Amino acid sequence: MMNDLLAHYGPFLLRGFGMTVLCWLLGTVGGMALGLAIALIQRYSIAPVRWVLRIYIEAIRGTPFLAQLFLLYYGGPMFGLRLDPIPAGLLGLSVYSSPYFAEIFRSAFGAVPIGQIEAARAIGMSEPSIVRRILLPLGLVSALPAMVNFSIVLTKETVILSIITVPELMYQVQRMSAETFRYVEANLALALFFWGLVELISRLGRRFETRITKHLIERT
Amino acid sequence: MVRASSVEIRKVNKFYGPFHALKDIDMSIAPGKVTCLIGPSGSGKSTLLRCVNFLEEYNSGEVLIDGELIGYETAGGKKMSSRRLREMRRTIGMVFQQFNLWPHMTALQNVAEGLIRVRGMAKSEAEARAADALEKVGLGDRMSNHPSRLSGGQQQRVAIARAIAMEPRLMLFDEPTSALDPELVGEVLSVMKALAAEGMTMVVVTHEMGFAAHVADKVAFMEQGELVAMDEPANILHHPEDPRIQSFLRTYHERNSF
Amino acid sequence: MVRASSVEIRKVNKFYGPFHALKDIDMSIAPGKVTCLIGPSGSGKSTLLRCVNFLEEYNSGEVLIDGELIGYETAGGKKMSSRRLREMRRTIGMVFQQFNLWPHMTALQNVAEGLIRVRGMAKSEAEARAADALEKVGLGDRMSNHPSRLSGGQQQRVAIARAIAMEPRLMLFDEPTSALDPELVGEVLSVMKALAAEGMTMVVVTHEMGFAAHVADKVAFMEQGELVAMDEPANILHHPEDPRIQSFLRTYHERNSF
Amino acid sequence: DQLADIKAAGKIVTATDMHYSPFDMIIDGTYQGITKDIFDEVSKELGVEPLYQDIPWTAELPGLEVKKFDIIIAPVTITPERLERYAFSLPIADATVGLIRSANDTETKAPEDIKGKAVGVQQGTAQAAQLQMFGDKIGGITMKEYGTTDEAYADLATGRLQAVAGSLPNLAYLVKARSETFALLEPTTFGEPKYFAWAMRKDADSASFVEAINTALLKMTDDGRMKAIQEKWLGVNPVLPREVPQD
Amino acid sequence: MFSWTTFWESFIPLLWAARFTVLVSGLGIVLGLGIGALICAGALSPWKPMRIFAALWVSFLRGVPLLVQLLLVYFLLPVIGINVPALVAAVGTVAICASAYISEIWRGAINALPRGQTEAAKAIGMAPLSQWTRIILPQAITMSLPALINELILLVKASSLVSVVGILEITRASQAQAATTFRPLEVYLAAACIYLAINLCLAGVGRWLEHRMAV
Ligand SMILES: Nc1ncnc2c1ncn2[C@@H]1O[C@H](COP(=O)(O)OP(=O)(O)OP(=O)(O)O)[C@@H](O)[C@H]1O
Ligand SMILES: Nc1ncnc2c1ncn2[C@@H]1O[C@H](COP(=O)(O)OP(=O)(O)OP(=O)(O)O)[C@@H](O)[C@H]1O
Ligand SMILES: [Mg+2]
Ligand SMILES: [Mg+2]
């Protein structure tokens, strides 16, 4: 029985998992890039631009992903925006995650002692260099756990992509449990896949974290 | 030999909220000269120094580096473009009172960073240069330590090496020897003297009168945001006219004799 | 009048990885005495000071405060309970080389905090006390500033006030006057002298020979992790036998005379 | 014994997903629909108070198994696989598959017209299986599966789909509510007849309870109460089998 | 096309359901912050068993989806004889799950605190509790406020999952509403507006705190 189940649904689940990982990865990378861009523009631009970005952040951050995705995919065609499920899903994930990453970056930048930035300014380093060489590496120390946190939250938000028929893991699991009523097995598979993915992400996060904090043990 | 910069400070005022930190400061520093800023704690020395490279925005007046206004396009006008400011800062070095080393880089990387990013040197060349500068301040054996693994004096020397490696035409030192022991102060001073001889203008905030007496071309005494006097070291340190300077120096002599 | 503590350091060794930072240090400090630690940068002065209140774990040897071992239950044994360590630390004050002020509190709160949390004082009483301590170091008018709004010297004085307000029986100073101007050094020293007279043992890392000469009962000279000599100030500063001390002092004299 | 326990407690604990019109709905904050009307009567027959709970579909079967509720009154289509695992009541409504199209679509008129078109359906349902079979028979369709019917309807409105298959009662109710957007294909049903029923635990402890429920349902069919309810909500009175269909 | 009537009419049932969203996420936040601080202290404690416990806590609670956690608490605990009321199960699970994320955020901020800050506190013999409440957390919280508000907003939205234990909150109510009106777009938009209103309050509090705590 169990073997039949595996033989029949195993490949679907695996394919679903692959799609989940792909969506998560691209969505996270897209969201981080957008978020970083937002945080940087906020830092370096004039007040009106900052207000606009503020509104963007609060509007996207304050509303559920489900509603956003619904709007984008099912409401989009009303305004002439007709996307296929996967592009819509990736765009949705990136946009949805961008304000969170933007805020994490903003708080990370705030944690960098001003003296260290001044030291870079004083030698005439350009702002892009300062961001790359000082602000990001130092800010990452405080931001990394929050970023890992949110990336983990995002893995779970990918299940919402099933409502726009992206064939990710949740989609396959729902299908399996609806067809066979083996919801325990199906959800166990779901939980195991997710735990595996989350463990992997947090392990990688921890390893990276020890690498960047190793030298910061400060002395007085 | 590089050309040293001149500094011209005209009626500079700085407020922190209601607090008047700099009051109509006028000062002019000829190229290649060493000027020491002395004065009581909280008198505005660091603030003035930071106005010179525009890390601190002054509220009125003018600061001219080599005759060019820094920070503003015209006096009292709008701020200059950040690109132009950056270009001006490339010729100005600074050593901070709190060092401000970058904790995620080794001593060597701290020094090489500016050479690579600002002077556009190749990494290997920059590191060779940085190693040289660290040798000069006696840190040849600690180049691969991160700042958190250095003693106070060692950190301060890295900060000094970082600034001199950039070969600025104007150097601003904020108490560059506060964490150094007497021997090292001597060494660091000789490095600084050599720089001065090579054609570098220096403004040094210091509490070390000995240093002021030996190295400075001019000594400026500040108190409560005012420039009380600026003159040859001998005139300030040996025959001061102002009673405030007299009392300031009296305690110094008492303390340092033994 | 409080009772001052004695400090007894026996064969203390400290390693940072392979680096031998303290080598078999032996030192004994009688209650109520002032001991100055001098020596080149990186010689281990800060490290030794930090071993005395066990902020730094020593690897072997013993540090006894008033005859009681700090940090370990028995020499080389397991660590003492954190409650006991805390109790011992309550009688030991420390002023750090980098001040370590708490940036989210005003000067007044920085000083009052320990009185409230550790000494269990009522807030109003603690603040009155804290205000007193700040007055003593000349900061009566800056009590409500946060550290980021204070000059280097002002920050250092807050750190000193924070330590003395706790009325410890043993005080550890790591270059307590590095950011102070000569006049203030005088004032701070007189505060410290008064404390010593009231019965406080002091260990002071300093580069100020004048201070060592005037205030210290004993001067200890360290180099490369070793205690080279420890004696009356006159013997160390005026007639040093060890050539290392001689050369160290020579540069000092050159520098400070003017 | 479950039935004895229920009678002793004086109440029967149910679970349903209250968003499947016209069976289970929340209108103005109160629970209404075919299921409720029928179950109210069934409870009366059993002489106990019904306790209605809104539980998302995902949690219903697990909850049933750990005895959080006595019965799932969400309409579940009877299929052989499901019969293996759960006890079903007698059918309470027709679940035969039907099709809808966009109201302004003039090309798709009869079920056969969906050949080669994109048709949406809720994934894993009996209706999906029927649609699949029908599609194969008429020469292939592009079937798109959705988590719930809501999304399939939404996608029909965007024009990504040309038709959506579902259980007839649900479709009929939808078309009534949004006649400007959706229309039924004629004839309204195709494929094998299917039925909705309620799910209970399949063990000895529950056998008498299942029996009692079925007895009550039969009684209602016979005395016309069932007919009244069906007509009230659907406008028609489907003929329901008098025993649980086994396929 | 877009039905404004449905949109406006949706607000009545949705606002009514919002009570539970606010209740569950509000209590969840308060408890989660407290538990999060304890777990964070555990993760940084010098005592190894404590660190391992904290690591397992975080790994389990972040690894298992909140939905599954809720199902476990509500449906599996009864199997071993512990029956918890739905609301308690919901608040408890949400708080415990949140604590894992919150503790990680604070751990990051604390890592970035200069070591000298706690050394100064230790040197005067301050007890660990005071070190935490007076020195470490105030600075860590200020530093991590934006990230923390992020998390709390996620929490408000994640509280929709408590509908599996039969609590009718906003998302659930909007699904029901969508199913009766067959106009999910309008209904979800209305739901989004209510979430936005709640979350704007949170963001506002965050901004205000950030402003206040800045020195
Ligand atoms: N964490 C560490 N890892 C490795 N080496 C270290 C570490 N901390 C300090 N050191 C080294 O130990 C030596 C002693 O340092 P310490 O801070 O005690 O010197 P110091 O006498 O206080 O010097 P200064 O006068 O410059 O403050 C230095 O050479 C320093 O580089
Ligand atoms: N951000 C600020 N807000 C308010 N007051 C400030 C601020 N920064 C500095 N001050 C005040 O301005 C005055 C001048 O400070 P500055 O740092 O220039 O003194 P300084 O001469 O360098 O003293 P020191 O020798 O102690 O370093 C001080 O009284 C200080 O309290
Ligand atoms: Mg200063
Ligand atoms: Mg030191």
Side-chain angles (χ1 to χ4, degrees), chain C residues 46 49-50 52-57 70 79 82-107 109-120 144-150 158-159 162-168 170-174, chain E residues 33 37-38 40-51 54 105-106 108-149 206-215:
Chain C
S46 299
L49 207 65
R50 290 162 55 84
V52 172
N53 65 355
F54 207 65
L55 277 182
E56 203 76 69
E57 291 173 21
I70 191 166
K79 284 220 221 115
S82 64
R83 159 177 300 267
R84 188 71 202 102
L85 180 60
R86 216 153 64 223
E87 271 163 21
M88 290 190 73
R89 278 181 182 157
R90 282 186 191 174
T91 64
I92 309 175
M94 179 154 191
V95 176
F96 294 84
Q97 193 165 6
Q98 309 277 17
F99 323 150
N100 291 343
L101 295 180
W102 296 310
H104 58 304
M105 299 181 186
T106 63
Q109 289 167 337
N110 260 282
V111 181
E113 187 64 19
L115 297 173
I116 300 172
R117 306 287 145 192
V118 179
R119 300 278 299 269
S144 57
N145 279 38
H146 283 264
S148 60
R149 307 231 160 132
L150 291 172
V158 175
R162 179 168 72 174
I164 60 178
M166 296 289 290
E167 298 182 333
L170 165 64
M171 183 77 103
L172 311 172
F173 287 106
D174 201 350
Chain E
L33 288 172
L38 291 179
C40 180
L44 296 167
S45 107
W47 197 44
K48 195 154 183 208
M50 209 50 230
R51 286 206 306 273
I105 290 179
W106 281 345
I110 290 167
N111 266 341
L113 270 194
R115 187 60 62 91
Q117 290 295 309
T118 39
E119 283 191 342
K122 276 188 199 150
I124 58 171
M126 209 185 256
L129 185 67
S130 299
Q131 287 179 32
W132 272 87
T133 56
R134 301 293 306 170
I135 310 298
I136 300 175
L137 281 180
Q139 293 186 60
I141 289 176
T142 316
M143 210 189 281
S144 65
L145 251 179
L148 192 65
I149 294 297
R207 282 266 147 174
W208 176 77
L209 277 176
E210 245 179 82
H211 206 74
R212 241 192 62 140
M213 304 217 270
V215 283

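Since this is a predicted model, take the numbers as computed values, not measurements. Residue numbering restarts at 1 for every chain, and letters A, B, ... go by the order of the sequence lines.
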Side chain, backbone, both or neither of C:Arg162 within contact of chain E (heavy atoms, under 4.5 Å): side chain
For C:Phe96 against E:Ala123, the heavy-atom pair lying closest together: CZ-CB, 4.0 Å
C:Pro103 side chain near E:Gln117 side chain, heavy-atom distance below 4.5 Å: yes
Verdict with reasoning, E:Ile135 to C:Met105, per side chain to side chain contact (heavy atoms under 4.5 Å, CB included): CA-CA 9 Å; E:Ile135 310 298; C:Met105 299 181 186; 3.8 Å; yes
Best-contacting candidate, C:Leu85, C:Leu101, C:Thr106, against chain E by heavy atom pairs under 4.5 angstrom: C:Leu101
Part of C:Leu172 lying under 4.5 Å from any heavy atom of chain E: neither
For E:Met126 against C:Arg86, the heavy-atom pair lying closest together: O-CD, 3.3 Å
E:Ile124 CD1 to C:Asn53 CG distance, which is reported to the nearest 0.5 Å: 11.5 Å
Where E:Pro138 and C:His104 come nearest, the two heavy atoms and their spacing: CB-CD2, 3.5 Å
Euclidean distance, C:Gln109 CD relative to E:Arg134 CZ, rounded to 0.5 Å: 7.5 Å
